[in-house]
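Worksheet: the structure to be examined is printed underneath.
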Amino acid sequence: MPSDGSAESGHGPSRPLDPTGRGALALVLATNLLPLAGVVAFGWRVGELLAVYWIEVAVLVLAHGAAAMFARRPIVLADRSFYITGYDDDAERDAVWERDPEPIHLVSWLPPIYLRNARVVRRSLGIFGFLLFPLVPVGWDAISYLTPTVGLATLGVCGAQVAEVRREFFTDRAYEELSPYMVVEAAQRVVYFYFMIGMLTVIPVTIGLFAVEAALAPGLLDRVADAFGVGVLLVPYLLPITLAKAVVEWSRRRAVNEDNPDGIATWFTGEDPRREWKKEEESAGDG
């Protein structure tokens, strides 16, 4: 800063945005609230927005399944509090491999894959049962929302998820320190979080809206929809989903960039069986 106390002119190189700073948090909130503003103010189709959200989660699961094929560590299920689809506390004997992994090199620019991981990935895809649950009330009408706009958004979603998986699992060869279970667990924790948010949102909001209508005036909701558009009535449903999406993105970012994240970010860090004894080993070494 100059001696007169004024701000520097800024000719030097700009500092990169802190991935877990306030600026990054504001950016995450803004990008997630923008579609909600589009529904309310610009008449965006809610079905298309929800279709993009659903596709994003599905691509997340598939991308993590693909990344799990590169994970080298064996599975350890002992003392876990969270089990992915297809596993439980009695599955330990089925997940222990007695021989060393056999790497298969597909191409020179990719790390090797391990065929033994395919069983883990296949069993984990049962999580799609939860993803199909929101489609039950929609039925075949869901196909009508697969518009060119959704198609373009899907391309962006796929690119973003590939970049995220690359950053999370392939930077600094992180896949060498993970088991396939740990990789697919990261995606399933996101799915379960969204599922719980949906369950806690739809029923209470629906009851609340009808209770307000009954208390104030019959037909109030129809009059509000006619005056301001049906999008206004969907805001109480979309707002928790939008905020949940922002929470997921922010928490996953903290889980990757912080050594000891706290709060809800701990849900997205997953369970590493080696974490505790590794901390004890490092503490003993510092002593």
Side-chain angles (χ1 to χ4, degrees), residues 16-39 44-71 109-111 121 124-125 127-128 130-131 134 142 145-175 178 182-195 197-198 238-258 261 264-265 267-270:
L17 184 67
D18 182 357
T20 57
R22 293 183 178 179
L25 175 59
L27 182 61
V28 169
L29 286 173
T31 54
N32 281 282
L33 289 174
L34 179 61
L36 181 62
V39 169
W44 293 3
R45 292 181 67 192
V46 176
E48 291 182 341
L49 176 62
L50 294 178
V52 173
Y53 284 169
W54 190 94
I55 291 172
E56 181 174 6
V57 178
V59 172
L60 169 76
V61 171
L62 295 176
H64 279 69
M69 293 298 297
F70 299 91
W109 49 273
L110 278 177
V121 175
S124 72
L125 292 180
I127 194 66
F128 270 94
F130 285 89
L131 291 179
Y145 296 111
L146 299 180
T147 62
T149 301
V150 173
L152 290 175
T154 298
L155 292 178
V157 164
C158 290
Q161 288 300 330
V162 169
E164 181 70 18
V165 166
R166 180 181 181 276
R167 180 183 64 84
E168 188 171 351
F169 298 114
F170 292 90
T171 302
D172 299 326
R173 303 165 68 96
Y175 56 87
L178 299 171
M182 294 166 64
V183 178
V184 296
E185 177 192 8
Q188 294 209 4
R189 285 177 174 267
V190 173
V191 174
Y192 281 121
F193 181 79
Y194 281 142
F195 183 79
I197 292 297
L238 293 177
L239 183 58
I241 296 174
T242 300
L243 292 178
K245 191 171 180 294
V247 168
V248 167
E249 292 183 14
W250 181 246
S251 299
R252 290 182 65 200
R253 181 180 299 216
R254 291 187 56 208
V256 172
N257 290 280
E258 296 180 7
I264 197 171
W267 170 254
F268 299 98
T269 58

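Bear in mind that the values here come from a model prediction, so they are computed numbers and not experimental data.
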Which atom of [X] lies closest to which atom of [Y], heavy atoms considered:
X: Leu131; Y: Ala58; answer: CD1-CA, 4.1 Å
X: Val190; Y: Ala186; answer: CG2-O, 3.5 Å
X: Ile197; Y: Pro240; answer: CG2-O, 4.0 Å
X: Phe193; Y: Val247; answer: CZ-CG1, 3.9 Å
X: Arg253; Y: Val28; answer: NH2-CG2, 3.8 Å

Distance in Å, [X] [atom1] paired with [Y] [atom2], rounded so as to fall on 0.5 Å steps:
X: Asn32; Y: Trp250; atom1: CG; atom2: CH2; result: 12.5 Å
X: Leu49; Y: Ile241; atom1: CG; atom2: CD1; result: 8.5 Å
X: Arg252; Y: Glu168; atom1: CZ; atom2: CD; result: 5.0 Å
X: Arg189; Y: Ile127; atom1: CZ; atom2: CD1; result: 12.0 Å

Q. Are Phe170 and Phe70 an aromatic pair by the rule of ring centers under 6.0 Å?
A.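 Yes, the ring centres sit under 6.0 Å apart.
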Q: Answer with yes or no after comparing the ring centroid distance for Tyr175 and Phe169 against a 6.0 Å cut-off, counting only values under it.
A: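 No: the rings miss the under 6.0 Å criterion.
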(Q) Quick test of your reading of the model: are Lys245 and Glu249 salt-bridged, counting only N-O distances below 4.0 Å? (A) yes
Q. Could you go step by step and tell me if Glu48 and Thr149 meet the side chain to side chain donor-acceptor pair (under 3.5 Å) rule?
A. CA-CA 8 Å; Glu48 291 182 341; Thr149 301; 4.9 Å; no
